[in-house]
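Taking it in order: structure first as structure tokens, then the write-up.
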Amino acid sequence: MDVVNKSTVSEFVLLGLSNSLALQMFFFMAFSLLYMATMVGNSLLVITVIADSHLHSPMYFLLTNLSIIDMSLASFATPKMITDYLTGHKTISFDGCITQIFFLHLFTGTEIILLMAMSFDRYIAICKPLHYASIVSPQVCVALVVASWIVGIMHSMSQVIFALTLPFCGPNEVDSFFCDLPVVFQLACVDTYVLGLFMISTSGIIALSCFILLFNSYVIVLVTIKQHSSRGSSKALSTCTAHFIVVFMFFGPCIFIYMWPQNSFLIEKVLSVFYTIFTPIMNPVIYSLRNQEVKTALKKLKNRFLNSNKATPSCQ
């Protein structure tokens, strides 16, 4: 069977979030600020973890990698959207569209596995504390991160191969601000019902299954914490609550979009903005505001920076 793509469409038109000029200017300002905040916030979190030896632990190693993925997820489409609002240029080449699909699924697939690794880390730390050091070793942490990227690459390649086999012979308007399969496959010149089933089976069910596993693991952890009333348990509860908030914010929109690929474009746009723009900026905010160790490390880093400036002699 010939699966070579017979597309006649060479580019797609990204319709964006709104046709209103006033709203486009608002989105330009808002998303520019959010993107800069995302990059600064996550970069600061990475630098803080690297600079403070007290944070050189498996949990913060995984958190650092989460920040790197969040910066990548925020960068695969948002800069183009911001530029498009400024220039009015809203087209994207066919290859550029496929590239966006690849990186979107690479970063989301990698983040799903990394969130599961973080859940595993908290489960062992709280439910099996005496065996934590031997189970969650530095080598295991590196292996978990490498595995998350391998799974992300495999998942994104499957989505790209699927997209390349679709025939696009006419409609080329993507009702979103970036290319993703739930909106792009509806432009294909084939029956979208079967394609919808593929979307549900490859992305929707996988995301839902991972969320259920994560939810169950955090329930077990929270029940374990509740059985111990101490200062350490309170700290563990705060950490796990922050983890679960991140999990819910990330998985909620993904599950909805990929389990119901034929839903309203307006809903898809709102949810797409949520998990590609808002979630990456919320992660450092949640972890820094709810984590005393991170807040203390940030203060130490700030004081070190201020002291170094004071120690630098001024030029006369």
Side-chain angles (χ1 to χ4, degrees), residues 36-74 107 110-149 214 217-218 221-222 224-225 228 230-247 249-250 279-309 311:
M36 287 189 291
T38 297
M39 302 307 289
V40 171
N42 282 286
S43 297
L44 187 59
L45 192 57
V46 171
I47 293 171
T48 301
V49 172
I50 294 174
D52 196 313
S53 59
H54 294 92
L55 301 182
H56 292 177
S57 65
M59 183 180 77
Y60 293 109
F61 174 75
L62 296 174
L63 180 58
T64 299
N65 282 273
L66 179 64
S67 289
I68 293 172
I69 294 174
D70 281 335
M71 286 189 285
S72 303
L73 183 59
F107 299 137
T110 302
E111 183 156 341
I112 284 175
I113 304 303
L114 189 61
L115 288 172
M116 295 185 72
M118 294 173 71
S119 171
F120 170 75
D121 170 73
R122 290 301 85 201
Y123 172 80
I124 299 299
I126 294 170
C127 298
K128 300 180 183 296
L130 298 178
H131 303 285
Y132 179 76
S134 60
I135 296 176
V136 190
S137 63
Q139 293 81 5
V140 169
C141 288
V142 172
L144 289 172
V145 171
V146 171
S148 68
W149 282 102
L214 285 168
S217 69
Y218 280 116
V221 168
L222 292 174
T224 303
I225 293 173
H228 302 82
S230 65
R231 187 173 179 273
S233 297
S234 177
K235 174 185 171 183
L237 177 62
S238 177
T239 301
C240 288
T241 302
H243 282 213
F244 186 75
I245 291 173
V246 169
V247 167
M249 289 174 58
F250 179 78
T279 300
I281 182 58
M282 289 305 296
N283 286 353
V285 172
I286 289 172
Y287 283 111
S288 61
L289 292 180
R290 296 185 62 89
N291 191 306
Q292 188 59 44
E293 289 181 335
V294 174
K295 287 191 286 187
T296 302
L298 282 170
K299 290 179 182 178
K300 289 168 61 178
L301 186 64
K302 175 185 174 183
N303 292 334
R304 189 188 306 176
F305 177 75
L306 293 176
N307 291 334
S308 65
N309 283 345

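Here the CE-CG distance, from M118 to L214, works out to 10.5 Å after rounding to the nearest 0.5 Å. Atom OG1 of T110 and atom CG of L66 lie 11.0 Å apart (nearest 0.5 Å). Going from atom CD1 of I113 over to atom OG of S148 covers 7.5 Å, rounded to the nearest 0.5 Å. Here the CG atom belonging to L114 is positioned 10.0 Å from the CZ atom belonging to F250, to the nearest 0.5 angstrom. Note: M59 CE to I124 CD1 = 15.0 Å, rounded to the nearest 0.5 Å.
Contact check for L301 versus D52: no side-chain heavy atoms found under the 4.5 Å cut-off. A heavy-atom distance below 4.5 Å is not found between the side chains of N42 and I68. Side chains of S217 and F120 form no contact here, defined as non-hydrogen atoms less than 4.5 Å apart.
Heavy-atom contacts from other residues, nucleotides or ligands closer than 6.0 Å to OH of Y123 number 12 or fewer. Residue-environment remark: NE2 (H131) stays at or below the threshold of 12 foreign heavy atoms within 6.0 Å.
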Given the rule in the side chain to side chain contact (heavy atoms under 4.5 Å, CB included) test, do E111 and D70 qualify, once you have shown the distances and angles that lead to the verdict?
CA-CA 8 Å; E111 183 156 341; D70 281 335; 3.0 Å; yes
Which is it for V142 and F61 under the side chain to side chain contact (heavy atoms under 4.5 Å, CB included) test, yes or no, and what are the steps along the way?
CA-CA 9 Å; V142 172; F61 174 75; 4.2 Å; yes
Please report the C-alpha distance between W149 and I69 in whole Å, then the side-chain angles of each, then the deciding distance to 0.1 Å, and finally whether the side chain to side chain contact (heavy atoms under 4.5 Å, CB included) criterion is met.
CA-CA 10 Å; W149 282 102; I69 294 174; 3.8 Å; yes
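Judged by distance alone, with hydrogens and angles left aside, the side-chain atoms of S119 form no donor-acceptor pair with the main-chain N or O of L115 at under 3.5 Å.
Across P129 and C127, no two heavy atoms sit closer than the pair CD-C, 3.4 Å. Nearest heavy atom pair, residue S43 against residue M71, reads OG-SD, 3.4 Å. In plain terms, the two heavy atoms of I50 and H56 that are nearest each other are O-NE2, 3.0 Å. For the pair T38 and A74, the tightest heavy-atom approach, listed with the atom from each and the gap, is CG2-CB, 3.8 Å. Taking each heavy atom of C141 and L62 in turn, the nearest pair found is O-CD2, 4.4 Å. For the pair V247 and Y218, the tightest heavy-atom approach, listed with the atom from each and the gap, is CG2-CE1, 4.1 Å.
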